[in-house]
Structures are given as C-alpha cells and as structure tokens.
Amino acid sequence: IIMMDDIIREGDPILRTVTEPVSVPPSEEDKEEMAAMMLFLKNSQDPELSKKYKLRAGVGLSANQIGLNKRMFAALLTDDKGVDREIALFNPKIISHSTTMVYIPESEGCLSVDRPIQGFVPRYEKVQIKAWNEKGEEIKVRYKGFNAIVMQHEIDHLNGIMFYDRINKDNPFKLPTDV
Ligand SMILES: CC(C)(C)[C@H](NC(=O)Nc1cc(F)cc(F)c1)C(=O)N(CC(=O)NO)CC1CCCC1
Ligand SMILES: [Zn+2]
C-alpha cells in the first residue's frame, strides 16, 4: 500500500529522469503498480483515511514519484458532471493543445515538494492526449481546465520536469502572453 513515505521528494535524481516507455499491452507488474498508485489517490481523497494516515489529497501520481522508471501515471479527477474518474495512462503523449494558456493563481503544489512555491505555471487550457490503457488499447482523450493542468503536470514528471521549472525566473507572476 503506498503511503506518503513511499513518495520520492525533490532532490532524488529519479524525478529528473526521462522515464522509459512501458511495453504495450502493459505487463501484470505494470498493472499492479498502477493499481497501487490509483489506490493511493483514492485513499488520499478519502476523508477518514487521509486524516488517519496523514495523506495529502492527491489528484495525480506519476510512476517515477514512487521510484519506478516507467512512463505511466494515475490520476483521480472529477469530470464536469462531478463524477470521479480514475485515469490510468501508459506512454501518454500530448498530441494537440490549445494556444490559450491557463494557470492556477495560487501556483501549483506537488506530492514530491514539501515547500510552498509561488509563481504562475503556464499550462495549455486544453490538451489532447494519446496513450495506452490497461487493456492495451490506444486511446485519445481530451481535457480542459484543471484536469488538463493535472495531465500536463504528470506528463512533465515523466519527462523529469518539475512544475517550478516553468515559473518565469525574472518575474514569477508574469502572465503568459495569451492567457
Ligand atoms: C500537491 C497536491 C496539493 C497534493 C495536489 N493536490 C491537489 O491538487 N488536490 C486536489 C485538488 C482539487 F482541486 C480537488 C481535490 F480533490 C484534490 C496534487 O495531488 N498534485 C499532483 C502531483 O503532485 N502530482 O505529481 C499537484 C497538482 C498541482 C496541479 C496539478 C496537480
Ligand atoms: Zn507533482
């Protein structure tokens, strides 16, 4: 069962690794690991369990955050109908995106970062992602708004990019041009 202690914090080189593609269809091991990552997110969003085990309410977790050099991540999102969606993507790739950018005014956080960081993280407002699912099918999915931000945050992890890499060094609150 993944707990906060299993989540690798910044400073560990694996968070700066471009992770290896997984085989498609995903192996039994890949699927077990993905299930554990998804269970962590569910536990972390459960009021009792998150309090009991001091879990930060997670919306996304990439494999390298638990030490696995694998191109896969789990996300637990609420769709625009308010329904919880478990997203398990293998070898995800952004294949198209809006020109419009968005950002979270309070900046982003990260399960692997234990310090508050200020500054705008420019993200595409909409993304289309190509990936493989647990059944080994190639899928194309579209996200917008906060859910698109989560996808981009997790795919960045798989490429060794941390959210603060994207904050403008000279002016952290510089608005991206077409936001
Ligand atoms: C770093 C942390 C604050 C734990 C963040 N959680 C989060 O945004 N929780 C949340 C937000 C909601 F809107 C509704 C809800 F139910 C729970 C998170 O999981 N991540 C994922 C991460 O660190 N992945 O590596 C950071 C987010 C910042 C922008 C997108 C993902
Ligand atoms: Zn993160």
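We count ligands from 1, going down the list as the structure has it; atoms in each ligand are counted the same way. Counting from 1, the numbers follow the sequence of the chain as shown.
Of all the listed residues (Val59, Ile7, Asn147), Val59 holds the heavy atom that lies closest to atom 31 (C) of ligand 1. With His153, Gln45, Arg56 as candidates, the residue nearest to atom 22 (C) of ligand 1 on a non-hydrogen basis is His153.
Classification of Arg71 and Glu20 as a salt-bridged pair fails, no side-chain N sitting under 4.0 Å from a carboxylate O. Under 4.0 Å is where a charged nitrogen must lie from a carboxylate oxygen, and between Asp84 and Lys42 no such pair does.
Scanning the protein for heavy atoms near atom 1 (C) of ligand 1, the closest one is Cys110 N, 3.2 Å. Scanning the protein heavy atoms around atom 23 (O) of ligand 1, the nearest turns out to be Leu111 N, 2.8 Å. For atom 24 (N) of ligand 1, the nearest protein heavy atom (residue, atom name, distance) is Glu154 OE2, 2.6 Å.
Residue His157 approaches the Zn ion (ligand 2) most closely through its N/O/S atom NE2.
Angle NE2(His153) to the Zn ion (ligand 2) to SG(Cys110): 120° [nearest 10 degrees].
Between Ala57 and ligand 1 there is a heavy-atom distance shorter than 4.0 Å.
In terms of polar-atom proximity, defined here as any N/O pair under 3.5 Å, Leu61 makes no such contact with ligand 1. Annotation: Ser112 places no N or O atom under 3.5 Å from an N or O atom of ligand 1; distance criterion only.
At a heavy-atom distance under 4.0 Å, only side-chain atoms of Phe146, from C-beta outward, approach ligand 1.
Minimum heavy-atom separation, Phe40 to Ile2: CD1-O, 3.3 Å.
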